[in-house]
Amino acid sequence: MPATFETARDEIRAAVKTVWDAGTTAVAGYVPAMFYDGVPSASDPDPAKAYARMNVRHVSGRQASLAGPDGRRRYEKLGIVVVSVFAPIGAAGGQTLGERLAQVAKDALEGRATASGVWFRDAVIAEVGASGPWDQFDVTADFRYDEFK
Amino acid sequence: MATGKYDAQVALAKRLLEKYGETAKLVRTTPGAPADVNKPWEPGTPGVTSKNVSAVWLNHSVLRENTLAKEGQIFAIVAASDLTSPPNPALDHVIRAKGARYSIEKSEPLDPSGQDIIYELTAKGVR
């Protein structure tokens, strides 16, 4: 099933959420809250706990093929997914906690693909530094998929 | 109602804002629970509540002379005693008495000793 703008977004978010929900308890002892760009939240993050924020950003696109026998063309879409991980600076193992949680997020993306063909590549963890009471790590990965129409 | 050190100022602010301001409506849109727990980024039907508030509206030249207020921004001073919780820019918007809607960009309390007297809202018209 080829991806669409909507399925790509859903699958990218789900790819991270699935691994995040399954893998973070072993690291933090709880599942840190995940916030999504553009989705309002009734509550603010708890400064005593880690949390993460995910952004999916399409960056560019191009026609990647001529029309086939059915008249359909392939359009390649490229973008970046950013998972910003925030670990409380004062918590036990603060920076290590942040690094391990960022690793969970990176593992959700690196070398992976979704059911409709969203591919992730060049995943990396970048140390951002202190952000209020949290130590921030940004996990970024490029993604690409094809739309047919 | 709990008493605080600044109860008199809270009441004074409310009285003056009622006298010199207008009754605006603070509307809160609370995201609904997602229909699919695996898609928390797709909230369900939101809950919408509104509350009348006494507010004075000011343009930036009155309130913030020589500051870099952005074009289109307007400021409102709202009585804290009209609200049970501070305005939340992520969830709330304001409707003036004449019907114009404004999103809230920032909400700052005047809260000596932690008791909220007024909220100063930085708002922008919703086109």
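Everything numeric in this text was worked out from a predicted model, so none of it was measured. Order of the sequence lines fixes the chain letters, A, B, ..., with proteins taken first and strands second; residue numbering starts at 1 for each chain.
- Side-chain atoms of A:Val39 and B:Pro43, non-hydrogen and from C-beta on, do get closer than 4.5 Å to each other.
- Note: B:Lys39 NZ to A:Lys17 NZ = 12.0 Å, rounded to the nearest 0.5 Å.
- Under the 4.5 Å side-chain heavy-atom criterion for ILVMFWY residues, no single connected hydrophobic cluster contains both A:Leu109 and A:Phe35.
- The contact between B:Pro40 and chain A is made by backbone and side chain atoms together, counting heavy-atom distances below 4.5 Å.
- The environment of A:Arg100 atom CZ is sparse: at most 12 non-hydrogen atoms of other residues, nucleotides or ligands sit within 6.0 angstrom.
- Using a 4.0 Å cut-off between charged nitrogen and carboxylate oxygen, B:Glu42 and A:Arg9 count as a salt-bridge pair.
- No continuous path of hydrophobic side-chain contacts links A:Val82 to A:Tyr36 [ILVMFWY only; heavy atoms under 4.5 Å].
- In the hydrophobic clustering of this structure, B:Val78 does not group with B:Val27; members are Ile, Leu, Val, Met, Phe, Trp, Tyr whose side-chain heavy atoms approach within less than 4.5 Å, directly or through other members.
- Here B:Asn88 contributes atom CG and A:Asp44 contributes atom CG; the two are 6.5 Å apart, rounded to the nearest 0.5 Å.
- Of the atoms belonging to A:Thr18, not a single heavy atom falls under 4.5 Å from chain B.
- With hydrogens and angles left out, the side-chain atoms of B:Trp41 and A:Asp37 include no donor and acceptor closer than 3.5 Å.
- The two residues B:Ala90 and A:Pro40 have their closest heavy-atom pair at O-CB, 4.2 Å.
- A:Ile125 and A:Met34 fall within the same hydrophobic cluster, defined by Ile, Leu, Val, Met, Phe, Trp and Tyr side-chain heavy atoms under 4.5 Å apart, directly or through other members.
- Atom OH of A:Tyr30 is surrounded by more than 12 heavy atoms from other residues, nucleotides or ligands within 6.0 Å.
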